[in-house]
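Naming convention: chains lettered A, B, ... in sequence-line order (proteins, then strands); numbering from 1 in each chain.
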Number of protein chains: 2
Amino acid sequence: MTHLAAEQSTTIQCPHDFQISCGNCRLSKICLPLALETQDVTYLNDIIQRGKPLQKGDHLYRDKDAFSAVYAVRSGCIKTYRITDDGREQVTGFYFPGEVLGMDGISENTHASSAKALETSAVCEIPFERLGELATRLPSLQSHFLQLMSREITEDQQLITLISKNSAEERVAALMLSISSRNARRKLSPSNFRLPMSRIDIGNYLGLTVETVSRVFSRLQKLGVLEVANKEIQINDHEQLRDLASI
Amino acid sequence: MTHLAAEQSTTIQCPHDFQISCGNCRLSKICLPLALETQDVTYLNDIIQRGKPLQKGDHLYRDKDAFSAVYAVRSGCIKTYRITDDGREQVTGFYFPGEVLGMDGISENTHASSAKALETSAVCEIPFERLGELATRLPSLQSHFLQLMSREITEDQQLITLISKNSAEERVAALMLSISSRNARRKLSPSNFRLPMSRIDIGNYLGLTVETVSRVFSRLQKLGVLEVANKEIQINDHEQLRDLASI
DNA sequence: AGAATACCTTGATACAAATCAAGCGAAGGT
DNA sequence: ACCTTCGCTTGATTTGTATCAAGGTATTCT
């Protein structure tokens, strides 16, 4: 939760880069109003702490940790998850650069889930208290933050629907399309990407076992919809994939 | 969305009653800070519109409707749901008196789900714009509203976990326990209540078919955990029900 | 009151995904 | 370089829930 030393800020520049590299992404909803209304970007540096570097497997926060900040992903990928009473893991989300996580801690002042880096990642810490102070002065910041939370709600509800109404094939196809479109938003290839998460994580997110996920990938490959080489995914036919996802 | 005529305010008094009858419930999180900080309850009347009466089957809002307010349930029960691409219904929540719904509309300015009364109900309309204005002046109101949204997120994530990791029996048991504890919060019997929703709704909420829900109720009754007479539920053994829900 | 309709229950069967099992390849540690 | 571990794939079998089917009960409407 501490400010990182100055010499690290050269490699992880935050938050300036966001506005340049992610002008159209989720995070811009927080950064942009600040920049626009104050006409002073240094203001941003004041509220958003410099990037926290995380190694693969590091926890950003754990279930029951005190809540003090939300986090914007700068690079890499973070998964959030809960552990059920019988010890199994439920992945509740994958967060890519430009996306914000940690809002689950607001209601009880402790986090209701854990967040773990799936690969070497950097996040920006946005101290909640200062965000609150600032929001009272900048109504647009407040409304953008509410939008962020509301989006989290609708996305969770989409996942509920996906899990309870769709087949294994539809679920996997939908996730691939989701990652694809999030890549597109980041100006990356929507057809060619590396999955940062394991098959187990995918299964735990979609309510499936590893074996089923693996079989679905094989089936989709046999159909020619996509090619999969371990973690490398190449989508050959977006149209057909959308049909299979029935979205 | 309009203020109701004055003569109706005698039967549906709002929001005074909330603070008396639901001092410990969710809604208090919105009402109380207002009352405490202003020392003037009429202030509340200014922001919270008088109750909207709804008949069974009436819609409070529909998917894609313009978003202008959130709603606090005053009496009755409201379900929220989405329609999937193939026409099936996914119930995303049941809202009892003292609970707030409609936050899904904030991100896109249109509702992402529909809300329908399961029985004769009354709700309070809380115009979002005025809530926002007021929140900039009352930081505690703002933080309470954020808490409300955060709780919605954690509850949705609990449902995700329930659906993807638990058996039919566990899901139904968990729902019964949830309704039971929400009744307790309203000072109603936690052991004896009437279900406002149909078996179909329960199934659509828990990701099960009607038949499975019905079979589970029969099984639980055979075990002596609860007694079910159509919509009347009597929980005989909370302990055992918790075990069955594995919560 | 009686008919029509919606809702609920129970049984038989089918099926998709879980589980059990085994082998393979890549990565990490000594 | 070898061994161990972890992650991924594929096959055989089991199982929980969906589906199909039919009858019963409550509710609504005329």
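- The nearest whole Å value for the distance from the CZ atom in A:R199 to the P atom in C:dG25 is 16 Å.
- Considering all non-hydrogen atoms of both residues, B:C77 and B:F96 come closest at SG-CE2, 3.9 Å.
- At a threshold of 4.0 Å, the pair A:R182-A:E99 counts as salt-bridged, since one of the basic side-chain nitrogens sits closer than that to a carboxylate oxygen.
- Two residues are said to be in side-chain contact when any heavy atoms from C-beta on lie closer than 4.5 Å; B:R74 and B:V123 fail this criterion.
- Following rounding to the nearest Å, A:E232 (CD) and D:dC8 (P) show an atom-to-atom distance of 13 Å.
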Give each protein N/O atom lying under 3.5 Å from an N/O atom of nucleotides 13-20 of chain C, with the pair distance.
{"from": "C:dA17", "atom 1": "OP1", "to": "A:A168", "atom 2": "N", "distance (Å)": "2.7"}
{"from": "C:dA18", "atom 1": "OP1", "to": "A:T209", "atom 2": "N", "distance (Å)": "3.4"}
{"from": "C:dA18", "atom 1": "OP2", "to": "A:T209", "atom 2": "N", "distance (Å)": "3.4"}
{"from": "C:dA18", "atom 1": "OP2", "to": "A:T209", "atom 2": "OG1", "distance (Å)": "2.9"}
{"from": "C:dA18", "atom 1": "OP2", "to": "A:T212", "atom 2": "OG1", "distance (Å)": "2.3"}
{"from": "C:dT19", "atom 1": "O4", "to": "A:R215", "atom 2": "NH2", "distance (Å)": "2.9"}
{"from": "C:dC20", "atom 1": "N4", "to": "A:E211", "atom 2": "OE2", "distance (Å)": "3.2"}

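- If you check every strand for non-hydrogen atoms under 4.0 Å, B:S214 touches a base.
- Two residues are said to be in side-chain contact when any heavy atoms from C-beta on lie closer than 4.5 Å; B:I78 and B:L101 meet this criterion.
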Classify every nucleotide of nucleotides 23-30 of chain D by which part a protein heavy atom approaches to under 4.0 Å, writing B for the base, S for the sugar-phosphate alone and - for neither, in 5'-to-3' order.
---S----
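- Summarising the geometry, the separation between CD on A:E119 and C1' on C:dA27 is reported as 16 Å, rounded to the nearest angstrom.
- Considering OH of B:Y205 and OG1 of B:T80, their distance stands at 8.5 Å, rounded to 0.5 Å.
- Going from atom CG of B:L206 over to atom P of D:dT17 covers 12 Å, rounded to whole Å.
- Not one N or O on the side chain of B:N204 forms a donor-acceptor pair closer than 3.5 Å with the backbone of B:V91.
- Atom pair A:E227:CD and D:dT9:C1' shows a separation of 17 Å (rounding to whole Å applied).
- Between A:R194 and A:E232, at least one side-chain nitrogen of the basic residue sits less than 4.0 Å from a carboxylate oxygen of the acidic one, meeting the salt-bridge criterion.
- Counting heavy-atom neighbours within 6.0 Å of A:K231 NZ, excluding the residue itself, gives a total above 12.
- When the C1' atom of C:dC7 is taken as reference, atom CG of B:L118 falls 14 Å away, rounded to whole Å.
- Between the C1' atom of C:dG25 and the NZ atom of A:K231 lies a distance of 14 Å, rounded to the nearest Å.
- Under 4.0 Å is where a charged nitrogen must lie from a carboxylate oxygen, and between A:K79 and A:E89 at least one such pair does.
- Taking atom CD1 on B:I163 and atom C1' on D:dT17, their separation rounds to 14 Å, with Å as the unit.
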